[in-house]
Amino acid sequence: RGCAPDTIDQITKALTAKTLRLSTTYRCGRAIVAEAQKFVPDFEAGPNNPEGVVRDIAYKDMGLDVGYGDVVLSRKNAPLASVAMGLIRAQKRVQVAGKDIGTGLTALVEKLAGRDASVEAFIGKLLEWQNREIARAVKADREDQVEPIRDKTETLFVLTEGVVGIPELKARIDGLFTDDGLGAKGVITCSSIHKFKGLESPRVFVLKDTLKPFVKRGHTGPVEPTQEERNLEYVAISRAINELVYVHGLPGDGR
């Protein structure tokens, strides 16, 4: 929301404040702590923490592995919509964290679809909206808005799968997006990393490929992730209590 990642450092310096570190976790297994230390070197496990597990799987295998009570984390929302739809097809109970996200998606559907639009007509209007909003963002030199616009478009595109009308699409959004019972034992929770800050789960699946650094303007290849990106990955890792699973590949890429 525009705050600087070094704000606390600036305040500490300005006030000559004493720093009392909270660097010990009593949540994460030791293997998970070791993974988090790549981003926060002074992070350490409590004396009675379990050993913990860190492992890797392919996206195509995640559907058989993930179970009730597990959490799937992603940097963006669009991959979560694909994950959720895949789990629904497998007849598994799933929710996507973010009642406010669902409200925003529904508002956009109502704005674009009107009263009588078909799903096909809505998709056409959605793509027109995306192109128009991206052009406005670029013209205003607000490229930070481009990714959220694309993410919202891709999320809605995925959610139109199999629906026969706009009322069904709105009902799907309303039923899928919630902030109630995140990480509950009887459901699989899909969440952005941001939405799951402060929460925890015995087993966390992280969509690793959503954490790739962006390519900046004028660059032709990956760039070093910003501090904000590193912070986000640290948050994802440290949500896991017993098991951290890196998922490689994304919906639709065949891996």
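A 4.5 Å side-chain heavy-atom check between T25 and N49 finds at least one atom pair inside the cut-off. Counting only heavy atoms from C-beta outward, the side chains of F122 and L156 approach each other to under 4.5 Å. Contact check for I237 versus Q37: no side-chain heavy atoms found under the 4.5 Å cut-off. Proximity of D144 to V146: side-chain heavy atoms (C-beta onward) are nowhere separated by under 4.5 Å. Proximity of L207 to V72: side-chain heavy atoms (C-beta onward) are separated by under 4.5 Å at one or more points. V206 has its side chain within reach of L244: a pair of non-hydrogen atoms, C-beta onward, lies under 4.5 Å apart. A 4.5 Å side-chain heavy-atom check between V187 and T189 finds at least one atom pair inside the cut-off. Contact check for V83 versus M62: side-chain heavy atoms found under the 4.5 Å cut-off.
Interatomic distance, F205 CZ to C190 SG, rounded to the nearest 0.5 Å: 11.0 Å. In this structure, CD1 on I173 lies 5.0 Å from CG on L105, to the nearest 0.5 angstrom. With rounding to the nearest 0.5 angstrom, the CZ atom of R230 is 12.0 Å from the CG atom of L211. Interatomic distance, K208 NZ to E233 CD, rounded to the nearest 0.5 Å: 4.0 Å. Taken to the nearest 0.5 Å, the CG atom of L232 stands 9.0 Å off from the NE2 atom of H194. Distance check, rounded to the nearest 0.5 Å: CG of L199 to CG of L182 gives 6.0 Å.
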Original post:
Which is it for V94 and L176 under the side chain to side chain contact (heavy atoms under 4.5 Å, CB included) test, yes or no, and what are the steps along the way?
Top reply: CA-CA 7 Å; V94 60; L176 197 57; 4.1 Å; yes
**OP:** Apply salt bridge (Lys or Arg N to Asp or Glu O under 4.0 Å) to E229 and R75, showing your working.
**Re:** CA-CA 9 Å; E229 296 293 330; R75 187 187 179 282; 2.7 Å; yes
**OP:** Begin from the C-alpha positions of D70 and R203 and carry the test salt bridge (Lys or Arg N to Asp or Glu O under 4.0 Å) through to its verdict.
**Re:** CA-CA 5 Å; D70 293 342; R203 192 161 68 150; 2.7 Å; yes
**OP:** Determine, step by step, whether H248 and Y59 satisfy the side chain to side chain contact (heavy atoms under 4.5 Å, CB included) criterion, reporting the C-alpha distance in whole Å, the side-chain angles of both residues, the deciding distance to 0.1 Å, and the verdict.
**Re:** CA-CA 6 Å; H248 298 271; Y59 177 79; over 6 Å; no
Subject >> Candidate pair V158 and M85, rule side chain to side chain contact (heavy atoms under 4.5 Å, CB included), full reasoning >> reply: CA-CA 8 Å; V158 170; M85 292 306 301; 3.8 Å; yes
Subject >> Residues L108, K125; criterion side chain to side chain contact (heavy atoms under 4.5 Å, CB included); working and verdict >> reply: CA-CA 11 Å; L108 183 58; K125 291 181 179 180; over 6 Å; no
Subject >> Verdict with supporting geometry, D209 and K76, salt bridge (Lys or Arg N to Asp or Glu O under 4.0 Å) >> reply: CA-CA 10 Å; D209 288 7; K76 300 187 292 183; over 6 Å; no
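Heavy-atom neighbours of R55 CZ from other residues, nucleotides or ligands within 6.0 Å: above the threshold of 12. Within a 6.0 Å radius of OH in Y246, other residues, nucleotides and ligands contribute more than 12 heavy atoms. Sparse packing is recorded around CZ of R150, with 12 or fewer heavy atoms of other residues, nucleotides or ligands lying under 6.0 Å away.
The shortest non-hydrogen separation linking W129 to K111 is NE1-NZ, 4.5 Å. The two residues P79 and T210 come nearest to each other via the heavy atoms CG-CG2, 3.9 Å. Taking all atoms of both residues into account, the shortest heavy-atom contact from P47 to Y26 is CD-CE2, 4.1 Å. A31 approaches G52 most closely through the heavy-atom pair CB-O, 3.6 Å. For the residue pair L80 and S192, the shortest heavy atom distance occurs at CD1-N, 3.3 Å. Of all the heavy atoms in G63 and K92, the pair that sits closest is O-NZ, 2.7 Å.
Between K195 and D100 there is a salt bridge, since a side-chain N of the basic residue sits under 4.0 Å from a carboxylate O of the acidic one. Salt-bridge annotation for R27 and E200: present, with a side-chain N of the basic residue lying under 4.0 Å from a carboxylate O of the acidic one. A salt bridge links E161 and R89; the closest N-O separation between the charged side-chain nitrogens and carboxylate oxygens is under 4.0 Å. Under 4.0 Å is where a charged nitrogen must lie from a carboxylate oxygen, and between K60 and D65 no such pair does.
In terms of hydrophobic clustering, with Ile, Leu, Val, Met, Phe, Trp and Tyr side chains grouped at heavy-atom distances under 4.5 Å, L73 and I241 are assigned to different clusters. The cluster map of Ile, Leu, Val, Met, Phe, Trp and Tyr, joined by side-chain heavy atoms under 4.5 Å apart, puts I149 and L127 in the same cluster. Transitive grouping of hydrophobic side chains (ILVMFWY, heavy atoms separated by less than 4.5 Å) brings I88 and Y68 into a common cluster.
Put simply, the side chain of Q95 gets close to the backbone of G181: a donor and an acceptor are under 3.5 Å apart. Of the possible donor and acceptor atoms, none in the side chain of Q130 sits under 3.5 Å from a partner among the backbone N and O of L126.
Checked by atom type, the side-chain pair T24/E44 shows a donor-acceptor distance below 3.5 Å.
The aromatic ring centres of F43 and Y234 sit less than 6.0 Å apart.
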